[in-house]
Amino acid sequence: MPQRRTSEEPAPPSTDHPRRQIVVFLGLTYGMALGIALALPHAGLAPLISIAVPAIAVAITIVLVVPRGRRRIVWGAVGFRPRRGRGLLVGFLGPVVIIALSFAAAVAFGVVRFPGPGPGFGGAVINIAIGTVIFTVVLLGEEIGWRGFLLFRLAELTSGRRAALLTGAFHAIFHLPLLLLTTTYQSEGKRWIVVPMVMVTLTLAGVWYGWLRLWSGSIWPVSLSHSTFNNLMEGVAGAAITTSPATMAYVTTETRVVTMLIMVLVSGYLLIRRTADFDKARPQGAQPAISPAARRARTKDPR
């Protein structure tokens, strides 16, 4: 029996022309991302400017495609209003655990080591905390587009689980211009090794972020989780001592092999064990997704 939606978690709306919205949004997003990478190949500002691109693309898409009387409904479904306080806690703790496991593996393999806390340790922690808070707001520029808009448009066409995976994949592709055309984003390591790992990790991270958006009912835990991951990973990597930055880049940090394997486990668990949460992406009246095992059981027992 499908879970009932509570009054705190209303079903997302069905919208007009979801497929057209997806095409326009992705076209605008990828076009602007490519333009920024070509115009600013050596500028450290390029990744920062790119953060605003998905939100801008959403705004333009809604104006171009969504009928005037339906635009407020689409914006309302983004999830600006916090609904579960514990969503923020889970959004923060998830990246902390993933980063701890990733660097623990790197230490175990002898790739990095960490010195004891020095005089600047307290200041570094404060800087990470401040950066996390600031970028929780800044990264809404990305998450409004991916988990606030695209996730729900895709869920109008397919299951919530597939929508989360596809959103992650489209989010990963968004990073390709920065990865391939600039010198200021994920620059350590050979591109033919780094880029596939980034694609896989970000696609799987889309399952985590998508689940968090649907389970919490708000975009804020997603943005906090994204910000925590970026800022804490950068801070820990900066404190690590390694003889080979390239080796560390292959093994740990934001999108490398150990982190990728951890995300395989996390996303696998969520997709298999938390199906009902992903069904919340489906519009009101849509049938929840049925797993292949459940479908086979239903076929054998027509009752």
Side-chain angles (χ1 to χ4, degrees), residues 26 29 33 47 50-51 53-54 79 87-88 90-103 105 132 135-136 138-152 154-155 160-176 178-179 185-186 193-216 218-237 249-274 277-278 281:
L26 291 176
T29 300
S50 297
I51 292 173
V53 164
L88 294 172
V90 172
F92 171 75
L93 290 179
V96 171
V97 172
I98 291 170
I99 291 168
L101 292 173
S102 182
F103 275 96
T132 299
F135 272 87
T136 294
V138 172
L139 283 166
L140 285 174
E142 281 200 21
E143 293 304 337
I144 287 171
W146 303 118
R147 261 60 65 167
F149 177 80
L150 183 62
L151 173 65
F152 294 104
L154 289 168
R161 291 188 295 180
R162 290 194 190 97
L165 265 173
L166 287 170
T167 301
F170 287 130
H171 184 199
I173 294 169
F174 169 71
H175 290 78
L176 281 176
L178 291 175
L179 287 164
Y185 182 75
Q186 303 281 346
I193 298 176
V194 170
V195 171
M197 288 194 292
V198 171
M199 294 295 100
V200 173
T201 304
L202 290 180
T203 298
L204 297 176
V207 176
W208 162 256
Y209 291 136
W211 171 81
L212 188 58
R213 165 64 185 87
L214 298 168
W215 173 77
S216 69
S218 172
I219 200 69
W220 286 103
V222 184
S223 195
L224 172 62
S225 191
H226 195 160
S227 179
T228 301
F229 197 87
N230 289 1
N231 284 278
L232 186 58
M233 182 67 82
E234 182 178 352
V236 175
Y250 295 143
V251 174
T252 184
T253 68
E254 185 177 350
T255 49
R256 305 315 190 230
V257 65
V258 175
T259 310
M260 181 180 68
L261 293 175
I262 294 170
M263 291 311 305
V264 168
L265 297 176
V266 171
S267 60
Y269 169 80
L270 293 173
L271 290 171
I272 294 170
R273 304 294 297 177
R274 307 291 299 196
D277 291 325
F278 290 103

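Numbering starts at 1 and runs along the sequence shown.
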| message | If you count every heavy atom of other residues, nucleotides or ligands that lies below 6.0 Å from Arg162 atom CZ, does the total exceed 12? | response | no
| Separation between CD1 of Ile51 and CG of Asn230, rounded to the nearest 0.5 Å | 7.5 Å
| query | Are the side chain of Thr203 and the backbone of Met199 linked by a donor-acceptor contact shorter than 3.5 Å? | reply | yes
| field | Atom pair CD (Glu234) and OG1 (Thr132), whose distance is rounded to the nearest 0.5 Å | value | 10.0 Å
| task | Taking all heavy atoms of Gly87 and all of Pro221, pick out the closest pair and write down the distance. | result | O-CB, 3.3 Å
| request: Identify the two heavy atoms, one from Gly91 and one from Trp208, that lie closest to each other, and give their separation to 0.1 Å. | output: CA-CZ2, 4.5 Å
| field | Ser227 side chain vs Ser223 backbone, donor-acceptor pair below 3.5 Å | value | no
| query | Hey, what's the ring geometry for Trp211 with Trp215, parallel, tilted or perpendicular (30° and 60° as the breaks)? | reply | parallel
| Just one of Thr228, Leu224, Leu232, Asn231 clears the side-chain contact (heavy atoms from CB on, under 4.5 Å) bar with Pro95, so which one? | Thr228
| message | Quick check for you: to the nearest 0.5 Å, what is the distance between Ser267 atom OG and Ile262 atom CD1? | response | 11.5 Å
| task | Hey, could you give me the CE/CE distance between Met197 and Met263, rounded to the nearest 0.5 Å? | result | 15.0 Å
| task | Any chance you could lay out the side-chain contact (heavy atoms from CB on, under 4.5 Å) test for Leu270 and Asp277, step after step, and finish with the verdict? | result | CA-CA 9 Å; Leu270 293 173; Asp277 291 325; over 6 Å; no
| query | Would you find a donor on one side and an acceptor on the other, under 3.5 Å apart, between the side chain of Thr201 and the backbone of Val198? | reply | no
| query | Leu179 and Gln186: which non-hydrogen atoms are nearest, and at how many Å? | reply | CD2-CB, 3.7 Å
| field | Passing candidate, ring-ring contact (aromatic ring centres under 6.0 Å, His included) with Trp146, options Phe170, Tyr209, Phe174 | value | Phe174
| query | Given side chains that start at C-beta, do those of Phe278 and Leu271 come closer than 4.5 Å, heavy atoms only? | reply | yes
| message | Val207 vs Val266, test: side-chain contact (heavy atoms from CB on, under 4.5 Å). Steps then yes/no. | response | CA-CA 9 Å; Val207 176; Val266 171; over 6 Å; no
| request: Could you tell me whether the side chain of Thr259 reaches within less than 4.5 Å of the side chain of Ile98, counting heavy atoms only? | output: yes
| task | Measure across Pro54 and Gly141 and return the closest heavy-atom pair with its distance rounded to 0.1 Å. | result | CB-O, 3.5 Å
| Closest heavy-atom contact between Ile219 and Glu143? | CD1-O, 3.4 Å
| query | Rounded to the nearest 0.5 Å, how far does CG of Leu140 lie from NE2 of His226? | reply | 11.0 Å
| request: Give the intermediate values and the outcome of side-chain contact (heavy atoms from CB on, under 4.5 Å) for residues Leu214 and Phe152. | output: CA-CA 10 Å; Leu214 298 168; Phe152 294 104; 3.7 Å; yes
| Is the count of non-hydrogen atoms from other residues, nucleotides or ligands lying under 6.0 Å from Phe92 atom CZ greater than 12? | no
| Passes side-chain contact (heavy atoms from CB on, under 4.5 Å), Val90 versus Ser216? Steps please. | CA-CA 9 Å; Val90 172; Ser216 69; over 6 Å; no
| Taking all atoms of both residues into account, what is the closest heavy-atom pair of Ala155 and Ala281, and its distance? | CB-O, 3.3 Å
| note | d(Leu165 CG, Leu204 CG) to nearest 0.5 Å is 7.0 Å
